[in-house]
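The structure appears right after this line, and notes come after that.
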Amino acid sequence: DGLSGAKQGYFTLILDGIKRFPELLEQREKRVAQSQLAQKARMAFVKSQQNKEIREDLSFDSFYFMLSSTVEGALLMSMLNPKVDLDQYGKEMFDIFWNGIAR
């Protein structure tokens with residue numbers, strides 16, 4: 001259907017842009033790593049590990065990458081499919097995410 005073609009076109013455009021301008025991806029990664037949000041998240045992550053609320057074997061970088069990817073992916077999917085209920089999926093995704101990191 002048309003939505004499927006639009007999705008394919010969108011992903012092709014994104015991948016082509018990354019191939020042609022890899023420095024954009026590198027700049028984005030630097031901005032994310034240096035952002036205040038990332039710093040606050042790192043502090044909360046370390047504190048949660050110290051309090052034995054989340055697993056101690058997890059690295060912050062992998063955790064933050066997974067969290068960012070999940071959020072960005074959910075937003076992308078909701079843009080591509082307006083029928084996606086972010087409230088419903090958000091709650092379920094949080095439960096799945098938390099079960100993966102909790103002690």
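The structure displayed is predicted, hence computed values, not measured ones.
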Does the Asn81 side chain pair with the main chain of Lys83, one donor and one acceptor, at a distance under 3.5 Å?
yes
Could you measure the distance from the CZ atom of Phe60 to the OG atom of Ser48? Nearest 0.5 Å is fine.
11.0 Å
Donor-acceptor pair, Ser68 side chain versus Phe65 backbone, under 3.5 Å?
no
Give the table of side-chain donor-acceptor pairs shorter than 3.5 Å for residues 94-103, with sequence neighbours excluded, one pair per line with atom names and distance.
from, atom 1, to, atom 2, distance (Å)
Asn99, ND2, Asp95, O, 3.1
Arg103, NH1, Glu56, OE1, 3.4
Arg103, NH1, Glu56, OE2, 3.1

Nearest heavy atoms of Gln49 and Ile54, plus distance in Å:
CG-CG1, 3.6 Å
Donor-acceptor check, side chain of Glu72 to backbone of Leu67, threshold 3.5 angstrom: yes or no?
no
Rounded to the nearest 0.5 Å, the NZ atom of Lys52 sits from the CD atom of Gln50 at a distance of 9.0 Å
Flag the pair Tyr89 / Val84 as yes when at least one side-chain heavy-atom distance between them is below 4.5 Å, and no otherwise.
yes
Met43 reachable from Tyr64 in the ILVMFWY side-chain graph, under 4.5 Å edges
no
Could you walk me through whether Met93 and Leu86 pass side-chain contact (heavy atoms from CB on, under 4.5 Å), step by step?
CA-CA 10 Å; Met93 288 169 47; Leu86 278 180; over 6 Å; no
